[in-house]
Amino acid sequence: MFDPELSLATQIIERALERLKIPIPDRIEWMPTPFKGQWGFGTNACFQAAAAEARAGKEVNVQARAHEIAEAILDEISPVENFARIEAERGYLNLYIDPAVYTRRVVNTVLEQGENFGRGAPNGERMMVEYAQPNTHHSFHIGHARNTVLGESLSRLVEFAGFETIRASYPGDIGLGVITCMWAYQKFYREQEPEGIHQRGQWLANIYSEATALLTPKESETEEEKAQREAYEAERREMYQMWDAGDSQVRDLWRMTRQWSLNELDEILKILGVKIDVFFFESEVDEPAKAIVDELINLGIAEDERPEGPVIVKIDEKLGLSKEKYRTSVILRSDGTTLYSTKDLALAKRKFEKYNVDRSVYVVDVRQSLHFQQVFKILELWGFPQASKCYHLAYGFVTLPEGTMSARRGNIILFMDVYAEAQKRVLDIIAKKNPDLPEEQRKEVARQVGLGALIYSLLSVDNNKDIVFDWDSALSFDGKTAPYIQNAHVRANSILRKAGSLPSEASFEYELMPMEVQLIELISRFPAIVQQAAMDYKPLHMANYAHQLAKTFHGFYHTVRVLQAESKQMKDARLRITAAARQALANTLRLLGIEAPRVM
RNA sequence: GCCCCUGUAGCUCAAUGGACAGAGCACCGGACUUCUAAUCCGGUGGUUACAGGUUCGAAUCCUGUCGGGGGCGCCA
């Protein structure tokens, strides 16, 4: 936001170094100075210059020399426009900006740009983000929610940062699990499905768990039980073969039950504010995937060991690696049926060729790291330049205190259950803390705040860490949580509502309080945080920023009087600061996929 | 055996190679006749697992050791 001033300052410093005959660093970088009630930018250029001298053979203590250089530059240069003062501090050269100037600029920029404040210029690259991909015929649990929330926030971030963004989902709609579910439905539950999208979806998932139990050998199995199980197993296998052969009855059953799951998924995505642009179905890429295997064999990338073995790619060997790293990837079963890897290759080809993506991000859990490394390397061997811009955004599992979630053991935490509980808890708090809130608004606020708390609890942990699910911490409303951030937005909104109208201009030529300066400083950092979070593929950066911004606003709220400011000038100025803070908070929350309520 | 991730306050976690390693929870003590107390202020709490190395500067990068998690040719 102060790029013109900083590039001017960079030139001035470079000229001063030249006059002083001190080596000039390749690049002079600026970063915000540690906040001490004043706002500025600092550079470490003097350290680099001093280090360069030391490397050139001059005998110097770099620390001391850096400070010396900083002070020498200080004497050399004349005051820079818009900077209040320049200081040398412990080897750093710091420029402090005139508070009235920067406050005015930040506030005006935010209020002019509104919901576009922080948006990066289009960078000409197209990115596809693949997420929100549970299997059909399964339950959508809290782990799926982590995937979806992470992918959605990332999509919003990269889109806002300047990428043309395509949201893609790749549900697994066929496989042994799906057939298992269909088999049990057909055999035991035909036409017994309940009404209601979520009830029906969940009911189907329960059938799957039950069926899996029936088909899994027990520890001590009687002869009778064994015979029964083997008979079931045969039926299941037959059904899979019929599906594969395109049997119309089995296909109809498959389409019907699959749709039940997809309807539920659709509802859940709506709740989470997700709009997927492209759905790829596993069942669709099956055929094209087989063709790709032939191509890879013809190109000499894959080796066909059929009928004794499968089709494989010896990746390490192809790359000339002596140590095993990417190992060997199996890309087709010996019986000619496709694998996950086969389909992912086909899918990547389609992304590159049909959708022309420059980058492709896969939001998939960490256990598939090797799989994706293999896929990306095969794409590279295959000659796709985009392969180097494929990125697996791996995230850790959501586990329970007692261990992994397992549908079969029945210990899973369903997203819909957490969502319902979250809203219930919010309603309880509203009854206590804000009993005047009209009845008709309570449900809406409960939805916004309850969902926000849940989403934030999933986004405020680094993606490569596992999360141990706990009701109370997932649905906490105090401390570093979404409601804390949302409450800052509500408070800002409350002040502005009481003020009536927002002054169209304000002067900041008064003694700004430290909390005001700090708030402005943080708001001004937002655009840079957007870029950083997008480039690192890390919504966590935005989650952390959101909390810091809210914390600073709460501090501002307590120490700075807005409506009862000492003068009209200060009141107008602070109203505009408050409005800018509200906008920054709203934009921040939006990028996390969290709504910003006006009351709560 | 090999590969990936990881080790930071009592607990859960932050920290573009930069200034004094920060939050939340928990605990103790304060602040509501004053813009929503879902808030704020203060206090307690650290040899960043360990040993070397690179660097002007390392929690961060490199090597090794130890501990935790995940993965490794016909599951997804």
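Naming: A, B, ... by sequence-line order, numbering from 1 per chain.
- Proximity of K465(A) to the phosphate of A14(B): a side-chain N or O atom is located under 4.0 Å from OP1 or OP2.
- Every side chain to side chain donor-acceptor pair (under 3.5 Å) that Q368(A) has, sequence neighbours left out, goes to Y340(A).
- Between the CG atom of N434(A) and the P atom of A38(B) there is a distance of 8 Å, rounded to whole Å.
- The CD atom of Q374(A) sits 13 Å away from the C1' atom of C2(B) (whole-angstrom rounding).
- We find that R146(A) and D466(A) are not joined by a salt bridge, their nearest charged nitrogen and carboxylate oxygen being 4.0 Å or further apart.
- Test I292(A), T338(A), V375(A) against K343(A) for side-chain contact (heavy atoms from CB on, under 4.5 Å) and you get one pass: T338(A).
- A heavy-atom distance below 4.5 Å is not found between the side chains of I13(A) and I24(A).
- Contacts classified as salt bridge (Lys or Arg N to Asp or Glu O under 4.0 Å) and involving residues 41-54 of chain A (residues at least two apart or in different chains) are given here: E53(A)-K58(A), E53(A)-R65(A).
- Atom OH in Y92(A) sits roughly 10 Å away from atom C1' in C56(B) (whole-Å rounding).
- Looking at heavy-atom distances under 4.0 Å, V599(A) makes contact with a base.
- C72(B) is paired with G1(B) under the criterion used here, namely a Watson-Crick or G-U wobble arrangement in which both key atom distances are under 3.5 Å.
- Residues of residues 23-32 of chain A having a heavy atom closer than 4.0 Å to RNA chain B, listed by number: M31(A).
- Base engagement by I430(A) is indicated by at least one non-hydrogen atom pair under 4.0 Å involving a base atom.
- Residue contacts for N61(A): at a heavy-atom cut-off of 4.0 Å it reaches no nucleic acid atom on any strand shown.
- Base engagement by S334(A) is indicated by at least one non-hydrogen atom pair under 4.0 Å involving a base atom.
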| request: Between protein and nucleotides 57-72 of chain B, map the contacts as a letter string: B base, S sugar-phosphate only, - none, heavy atoms under 4.0 Å, written 5' to 3'. | output: ------------SSBB

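- For the pair R306(A) and D304(A), the salt-bridge criterion is met [side-chain N within less than 4.0 Å of a carboxylate O].
- Considering only side-chain atoms of V461(A), the nucleotide from A14(B), A76(B), C56(B) that sits closest is A14(B).
- Aromatic ring centroids of Y391(A) and F376(A) lie 6.0 Å or more apart.
- Under 3.5 Å, the side chain of N94(A) and the base of A19(B) form at least one donor-acceptor pair of N or O atoms.
- With distances taken from any side-chain atom of Q48(A) to the nucleotides C56(B), A19(B), C5(B), the minimum falls on C56(B).
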Interface polar pairs with nucleotides 22-28 of chain B, N/O, under 3.5 angstrom:
from: G24(B); atom 1: OP1; to: K551(A); atom 2: NZ; distance (Å): 3.4

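- As the counterpart of A15(B), no nucleotide is assigned, since no Watson-Crick or G-U wobble pattern has both distances under 3.5 Å.
- F47(A) comes within 4.0 angstrom of a nucleotide base, judged by non-hydrogen atoms across all strands.
- Applying the side chain to side chain donor-acceptor pair (under 3.5 Å) rule to R561(A) yields no partners; only residues at least two apart in sequence or on another chain are considered.
- The neighbour count for R333(A) CZ, taken as heavy atoms of other residues, nucleotides or ligands under 6.0 Å away, is above 12.
- When each of T43(A), N94(A), D3(A) is checked for a side-chain contact (heavy atoms from CB on, under 4.5 Å) with W30(A), only T43(A) meets the rule.
- Nucleotide G70(B) carries an anti base; the chi torsion (O4'-C1'-N9-C4 or O4'-C1'-N1-C2) is more than 90° from 0.
- Ion pairing between a basic and an acidic side chain is recognised when a charged N comes within 4.0 Å of a carboxylate O; K568(A) and D572(A) show such pairing.
- Residue K323(A) has its side chain nearest to C2(B) when only U16(B), C2(B), U39(B) are considered.
- Remark: the separation of the P atoms in C28(B) and C13(B) is 24 Å, to the nearest Å.
- Within residues 526-536 of chain A, the residues that place at least one heavy atom under 4.0 Å from RNA chain B are, in residue-number order, Q532(A).
- C61(B) is paired with G53(B) under the criterion used here, namely a Watson-Crick or G-U wobble arrangement in which both key atom distances are under 3.5 Å.
- C27(B) is paired with G43(B) under the criterion used here, namely a Watson-Crick or G-U wobble arrangement in which both key atom distances are under 3.5 Å.
- Distance noted for atom C1' between G45(B) and C27(B): 10 Å (whole Å).
- Residue A51(A) has its side chain nearest to C56(B) when only U6(B), A38(B), C56(B) are considered.
- For S369(A), there are no side chain to side chain donor-acceptor pair (under 3.5 Å) partners at least two apart in sequence or on another chain.
- Among A19(B), U6(B), C75(B), the nucleotide with an atom closest to any side-chain atom of R333(A) is C75(B).
- By the criterion of a centre-to-centre distance under 5.5 Å and near-parallel planes under 30°, the ring of Y484(A) forms no stack with the base of A38(B).
- Under the side chain to side chain donor-acceptor pair (under 3.5 Å) criterion, Q133(A) pairs with no residue at all, not counting sequence neighbours.
- Among the atoms of the strands shown, none is found under 4.0 Å from any heavy atom of G91(A).
- L332(A) has its CG atom 12 Å from the P atom of C75(B), to the nearest Å.
- Other residues, nucleotides and ligands contribute only 12 or fewer heavy atoms inside 6.0 Å of the CD atom of E59(A).
- Note on R55(A): only backbone sugar-phosphate atoms sit closer than 4.0 angstrom, heavy atoms only; bases stay farther off.
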Run the side-chain donor-acceptor check on residues 537-555 of chain A: report pairs under 3.5 Å with partners two or more places apart or on a different chain.
from: Y537(A); atom 1: OH; to: R359(A); atom 2: NH1; distance (Å): 3.1
from: K538(A); atom 1: NZ; to: D462(A); atom 2: OD1; distance (Å): 2.5
from: K538(A); atom 1: NZ; to: D462(A); atom 2: OD2; distance (Å): 3.4
from: H541(A); atom 1: NE2; to: D536(A); atom 2: OD2; distance (Å): 3.2
from: N544(A); atom 1: OD1; to: K480(A); atom 2: NZ; distance (Å): 2.8
from: Y545(A); atom 1: OH; to: L522(A); atom 2: O; distance (Å): 2.7
from: T552(A); atom 1: OG1; to: Q548(A); atom 2: O; distance (Å): 2.8
from: H554(A); atom 1: ND1; to: R491(A); atom 2: NH1; distance (Å): 2.8
from: H554(A); atom 1: NE2; to: Y484(A); atom 2: O; distance (Å): 3.1

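- Regarding the sugar-base torsion, C5(B) falls in the anti class, its angle being beyond 90° of 0.
- The base-pairing partner of A38(B), taking Watson-Crick or G-U wobble contacts with both distances under 3.5 Å, does not exist among the strands shown.
- Using a 4.0 Å heavy-atom criterion, one finds that T328(A) contacts the bases of the nucleic acid, with or without backbone contacts as well.
- By the salt bridge (Lys or Arg N to Asp or Glu O under 4.0 Å) test, D365(A) is found to be paired with no residue, residues two or more places apart in sequence or in another chain being considered.
- Taking side-chain N and O atoms only, K325(A) has a distance below 4.0 Å to OP1 or OP2 of C4(B).
- Taking atom CZ on F397(A) and atom P on U6(B), their separation rounds to 17 Å, with Å as the unit.
- For the C1' atoms, the distance from G68(B) to G73(B) is 28 Å, rounded to whole Å.
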Taking only nitrogen or oxygen atoms into account, show me every contact under 3.5 Å that the protein makes with nucleotides 29-35 of chain B, one pair per line with its distance.
from: U34(B); atom 1: O2'; to: Q564(A); atom 2: NE2; distance (Å): 3.3
from: C35(B); atom 1: O3'; to: K498(A); atom 2: NZ; distance (Å): 3.1
from: C35(B); atom 1: O2; to: L563(A); atom 2: N; distance (Å): 3.0
from: C35(B); atom 1: N3; to: V562(A); atom 2: N; distance (Å): 3.3
from: C35(B); atom 1: N4; to: Y557(A); atom 2: O; distance (Å): 2.3
from: C35(B); atom 1: N4; to: V560(A); atom 2: O; distance (Å): 2.4

